[in-house]
**Student:** 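Encoded as C-alpha cells, here's the structure I'll be asking about.
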Amino acid sequence: MKLAIIGQSLFGQEVYSNLRKQGHKVVGVFTVPDKDGKADPLAVAAEKDGTPVFKFPRWRVKGKPIAEVVDAYKAVGAELNVMPFCSQFIPMNIIDHPKHGSIIYHPSILPLHRGASAINWTLIQGDKKAGFTVFWADDGLDTGPILLQRECAVEPNDTVDTLYNRFLFPEGIKAMVKSVQLIADGKAPRVPQTEEGASYEGIQKKSNAKVNLAQPAVAIHNWIRGHDKVPGAWTVVGGQSVTLYGSSLLGGSVPAGQTLEIEGASQPGLVTKNGLVLYGTDGKPLMVKNLQFEDGKMIPASKYFSSGESSSVELTEDETKMAEEIRNIWKGILSNVPAIEDSTDFFKSGAASMDVVRLVEEVKQKCAGVQLQSEDVYMATTFQDFIQMFVRKLRGEDQEEELVIDYVKVNNMTVKMPYQCFINGKFEDAESGKTYNTINPTDGTTICKVSYASVGDVDRAVASAKEAFDNGPWGKMNPRDRGSLLYRLADLMEEHQEELATIESMDSGAVYTLALKTHVGMSIQTFRYFAGWCDKIQGKTIPINQARPNRNLTFTKKEPLGVCAIVIPWNYPLMMLAWKSAACLAAGNTLVLKPAQVTPLTALKFAELSVKAGIPKGVINILPGSGGMVGQRLSDHPDIRKLGFTGSTPIGKQIMKSCAVSNLKKVSLELGGKSPLIIFSDCDMDKAVRMGMSSVFFNKGENCIAAGRLFVEESIHDEFISRVVEEIKKMKIGDPLDRSTDHGPQNHKAHMDKLLEYCELGVKEGATLVYGGKQVDRPGYFMEPTVFTDVEDHMFIAIEESFGPVMVVSKFKDGDVEGVLQRANDTEYGLASGVFTRDINKAMYVSERLEAGTVFVNTYNKTDVASPFGGFKQSGFGKDLGEDALMEYLKTKAVTVEY
C-alpha cells in the first residue's frame, strides 16, 4: 500500500522504518522544517532512503489550506495517511484525500484524556491504567472511530519517560504497523467513540505546572511525575522557582536530614542522603531525586546545601587534550553555534534529548572507561561544567561517596539486612515503589518488607552491568587482580559467616548449624576456589596445515561472554548464588542475579559485602522479585549473553525457549531430579542407615540431589526400615536457630501444602505410610519426616520428586542387579544417584550403568567445589563447580596468523 507519513520525532522514524520493512511503499514523508540547522529524525531516515521529504512550516494560513502545499501532497498519490506523531494542524481535505483516509496514534485510552498532554494527565490524575489508541482521523479533536487500542498498568513511580519507554513507544510502533496491515487486508475495524467517560485536558506548560503542596502525598507525587521531564513541576524555595524531578513514594522509614522551608508546604522538607523528602497534608512522605534552578543548573536534591561548595579542578595536559576533543563533539552536535565557549549551554543552544544520548555515547567512545550517563548532562549543562564533571569522573572522584544502606533489624537481634534492590553499586527502592513481605517459616511472621523489582529495574540493572563490562575497570582488570578481589570477598563472607548463617536460617528455615557449615561454608569455599582460577584461564596453540610458502600460527583464547543473568532457587539461597556467581565473575563477566522471591535476604547481604570487597559498581546487581516478571525479562533481554538457572524442569523449559527466541543466549540448566539410591544387602548397614537418612532428610529434604527413591534389597529391607524409623524418632524438630535442632521448617507455606498433598496421594495409591505424613502441631511450616514403603513403579510418588522430607522405599529381589538398574534408570531425570555395597566390582559396574550426572558410592551428598555438578536428561545440562563450570561462562575464539 502507498503511504504518506505525516509527523515527526524518533517515534515517527521508527514507524516509518518498520512500515518499509513490512513491504509498504512510503511515497512521501511530510515533517517539520529543520531546527537550528538540524533535521528531524524522521526526515533524516527518509532522506537517507531516498524517500521524498517535504518540510512545510504550515499547511494552512488564516484557516485556509495552502494550495501549493495541498498540490505537493496530492502529487505523491498516497492511499493512506499514517500520522504517528504530528504537532502541525493538518487540513481536512488532506485527512480525507487518500482512498483509506488517515490514522493517528494517540497516547491514551480514548475517549479518556483527549488533547496534547494525554500522558501527563494519565499520571497527574493517578490512573491505574495507561495505553494508546490508533484511530481514524475526523474533524473533531481525537474523536474519530477507534481502530486499535492497547493498555498497560501504571506503576506507582512511573514517569512520562518510563511509561513512554516501557510501553507507549515500543508497543505503539508495533500497533501502528499492525493497523496499516489490517487496513491493507481489509480487516480494520471502525468502532465509534463513546462520550461516556470522555475527557479533554489542556496542554501543560511551565506556567501552569506549579505544584500545590497543600494536598496528600500521592497527589503531590502524581503531579510531579506527570510533569517529569517536560514541562517540569515546580515550587518556590528560598524565593526562586525550583523544578522537581524523580519523585517516588516512600514506603519505609525516612532518613535523617536537614530541614528546608518550602513555600506552601504543610511542613518543612528534609534534605537527606537520598534526596529531598516532601510531606503531604496526610503526613506521608515522598522523595524527590533532582532539583533544577532558574538558571538551568540541575543538582542531586541531596546536595542542596552543598551544591556551591565544590572548587574547580585544574586540568592536566592530557585532560586538556581530552577537553578539546570533547569540545569538537559539542561542536558536531551544536552545528548551529559558531564556537563552543566555556559558557555555552548545551540546551540553550538547541540540544534535545536525542542529542544528550549522542553526546554521552560519543564521549564514552572517545574516552573509554569513563562512567557517563544522560543524567550527568542535565547536571552540567555548560561546557565548562561538563568538562569539570567529566574530569572528576575520569579521576574517580565521583566514586568516593560511601555506600548508603537502609537496614532492617529482626527480633531485637543485631543482624542487619539490606532489603532494597542493588543496582549499579547502590541499594535503592524498586522503580515502582512496590514491596512484598518475606516470611520466617519458623512461625509464619514477616521478617521485613523487600523491594519488588519491576521490568524497568531489570533494564537499569542490565544497562549498568553492560556499562561495567564494556567500559568499566572490571573488563580491563588484570585477571590476578580480579582474583584478589574475589579472595577478599570470600574473606569478608567468612568474617560475617555467623550473620549470614542467621539470615539464611531465618529466611529459608535451614538449621543454623547446617547453614553455617554448608550454606555459608561451602559458599566461601566456592569463591576461594574460583578466585584461584582467574589467572589460569588460557587457550591453546594448534598446529594447522601451512599455507606454503608462508607459515601460520593458530591459537585459541578464552573470553568472557559479557552480561550474564543468574536465577537461583530457594533451598540453598546463598550457596546457589555462590556456585554460579563465583564462576561467572572469575571468568570476567558481569551479572544480574534474581534470588528466589521467598528467600532474597542473604543475596542482598552478599551485595553489601561485594561493595566492601571493592568489586566495581555495576559488576554485581541483585533484583528481588517474581520469576514471572524479573526472570522472564532476564530471559528475553537482548543484552544478556548467558543465563544460568537452577529450579524446576517446566520453568527451565520456558526459560530455554525464551532465551532462544530472544537472542539465542547461552543457557545452563540445573533442574528437577528423582535420584535413585540402591542399597545392596552386602552394605555396611550402619552407614547405609545413616547416609540413607541424610540422602532424604538433609536440609529438610529441600535438596535437588535428594534420594527421591530408595531401592533396598529384599533380605535387608525390613531391618533397614525399622532402623530408619528408630532414628527418625530421635530427631529434634524445632526452631532452626536452636543449635540442638535437627530438623527445621519447610521453606514456605505453599511448599508445605504440596508436601501434604503428596503424602495423601501416596496413601491413596496404596503405598504404606510407615511414619509421618503430617504437619507438626506447632506454629510454622514443620513437616514430619516421612517414610513410605511398598512403593510400586507406577505410583505418583515413585515418579515425581517431593522436594521434602519424604523417604520413598521400594524393595528389589536379592541379586537382581540388572532389574534394579532398569528401575533406577526408568525416569526422565538424571541429576544424582547412589549405591551402597562392599563389593567394589559391583559398585563400579552400577556406577557406570546409572544414568545420572553424579554417582555417590558408599556416601551421599558429598559435593565439593572442585567436582563438576549437573544432570542428564530432563535434569538439565551444563555444570556448576569445578573447571567445567568456568567453561559455562567463557567463549572460545580461534585466531590464525600468517607470517
**Student:** Is it true that a side-chain atom of Lys666 and a backbone atom of Glu888 form a donor plus acceptor pair closer than 3.5 Å?
**Tutor:** yes
**Student:** Are Lys617 and Glu467 ion-paired here, with the side-chain N under 4.0 Å from a carboxylate O?
**Tutor:**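 Salt bridge: no.
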**Student:** Can you tell me if Asn861 uses its side chain to pair, donor with acceptor, with the backbone of Ser694 under 3.5 Å?
**Tutor:**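 It does hold such a pair.
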**Student:** Quick one: does Lys665's side chain have a donor or acceptor within less than 3.5 Å of a partner on His637's backbone?
**Tutor:** yes
**Student:** State, with a plain yes or no, whether a side-chain heavy atom of Trp474 is found less than 4.5 Å away from one of Arg482.
**Tutor:** yes
**Student:** Could you tell me if the side chain of Val563 sits less than 4.5 Å from the side chain of Asp639, heavy atoms only?
**Tutor:** no
**Student:** Any side-chain to backbone donor/acceptor pair from Lys749 onto Gly444? Under 3.5 Å, distance only.
**Tutor:** no
**Student:** Could you give the distance from CD1 (Ile615) to CD1 (Ile620), rounded to the nearest 0.5 Å?
**Tutor:** 5.0 Å
**Student:** Indicate whether the side chain of Thr599 and that of Asn747 have a donor and an acceptor atom separated by less than 3.5 Å.
**Tutor:** no
**Student:** Measure the shortest side-chain to side-chain distance between Glu498 and Tyr512 over non-hydrogen atoms and say whether it is less than 4.5 angstrom.
**Tutor:** yes
**Student:** Evaluate the side chain to side chain contact (heavy atoms under 4.5 Å, CB included) criterion for residues Cys659 and Phe645: first the C-alpha distance (whole Å), next the side-chain angles of each, then the deciding distance (0.1 Å), finally the verdict.
**Tutor:** CA-CA 12 Å; Cys659 288; Phe645 172 74; over 6 Å; no
**Student:** What distance do Ser432 atom OG and Asp457 atom CG have between them, rounded to the nearest 0.5 Å?
**Tutor:**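 One gets 6.5 Å once the value is rounded to the nearest 0.5 Å.
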**Student:** Got more than 12 heavy atoms from elsewhere within 6.0 Å of CE, Met795?
**Tutor:** yes
**Student:** Do the side chain of Ser875 and the main chain of Gly672 share a donor and acceptor less than 3.5 angstrom apart?
**Tutor:** yes
**Student:** Check the surroundings of atom NZ in Lys466: do more than 12 heavy atoms from other residues, nucleotides or ligands lie under 6.0 Å from it?
**Tutor:**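 Counting other residues, nucleotides and ligands, NZ of Lys466 stays at 12 neighbours or fewer.
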**Student:** Between the side chains of Lys558 and Thr892, is a donor N or O closer than 3.5 angstrom to an acceptor N or O?
**Tutor:**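 Short answer, yes.
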**Student:** Is any NZ, NE, NH1 or NH2 atom of the basic residue among Glu757 and Lys754 found under 4.0 Å from an Asp or Glu carboxylate oxygen of the other?
**Tutor:** no
**Student:** Kindly indicate whether the side chain of Leu643, heavy atoms from C-beta on, has any atom under 4.5 Å from the side chain of Ser635.
**Tutor:** yes
**Student:** Can a side-chain donor-acceptor contact be found between Tyr572 and Asn703 if the only test is distance below 3.5 angstrom?
**Tutor:** yes
**Student:** Contact between Ser626 and Tyr452 at the side-chain level, heavy atoms closer than 4.5 Å - yes or no?
**Tutor:** yes
**Student:** Say whether Asp481 and Ser484, considering side chains only, have a donor N or O and an acceptor N or O under 3.5 Å apart.
**Tutor:**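 Asp481 vs Ser484: no donor-acceptor pair found between side chains.
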**Student:** Donor-acceptor pair, distance only, cut-off 3.5 Å: does the side chain of Asp535 make one with the backbone of Gly483?
**Tutor:**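 No; judged by distance alone, with no hydrogens or angles, the pair does not exist.
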**Student:** When you measure from the centre of the six-membered ring of Tyr889, is the NZ or CZ of Lys642 closer than 6.0 Å and no more than 45° off the axis?
**Tutor:** yes
**Student:** Scan side-chain atoms only and decide if Asp507 and Thr438 contain a donor-acceptor pair under the 3.5 Å cut-off.
**Tutor:**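 A pair is found: one side chain offers a donor N or O, the other an acceptor, under 3.5 Å apart.
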**Student:** Less than 4.5 Å apart, side chain to side chain, heavy atoms only: is that true for Ser581 and Leu593?
**Tutor:** yes
**Student:** Can you list everything that forms a side-chain hydrogen bond (donor to acceptor under 3.5 Å, both in side chains) with Asp636? Sequence neighbours excluded, please.
**Tutor:**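 Expected list: Gln632.
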**Student:** Heavy atoms, side chains only, cut-off 4.5 Å: are His743 and Lys700 in contact?
**Tutor:**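 In contact.
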**Student:** Exactly one of Gln597, Met576, His751 should register a side-chain contact (heavy atoms from CB on, under 4.5 Å) with Trp570. Which one does?
**Tutor:**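 Passing option: His751.
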**Student:** Who pairs with Glu171 by side-chain hydrogen bond (donor to acceptor under 3.5 Å, both in side chains), at least two apart in sequence or on another chain?
**Tutor:**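 If we apply the side-chain hydrogen bond (donor to acceptor under 3.5 Å, both in side chains) test to Glu171, skipping adjacent residues, the hits are Lys174.
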**Student:** Please say whether more than 12 non-hydrogen atoms of neighbouring residues, nucleotides or ligands are located less than 6.0 Å from NZ in Lys657.
**Tutor:**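 Count not over threshold, so no.
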**Student:** When you compare the side chains of Lys426 and Asn424, does any donor N or O come within less than 3.5 Å of an acceptor on the partner?
**Tutor:**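 Distance-only check fails for Lys426 and Asn424.
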**Student:** Are the side chains of Leu881 and Ser867 in touch, meaning some heavy atoms are under 4.5 Å apart?
**Tutor:**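 They are not in contact (no side-chain heavy atoms under 4.5 Å apart), so the answer is no.
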**Student:** Measure from the side-chain N and O atoms of Thr526 to the backbone N and O of Met522, and report whether any donor-acceptor pair falls under 3.5 Å.
**Tutor:**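 Yes; at least one donor-acceptor contact below 3.5 Å.
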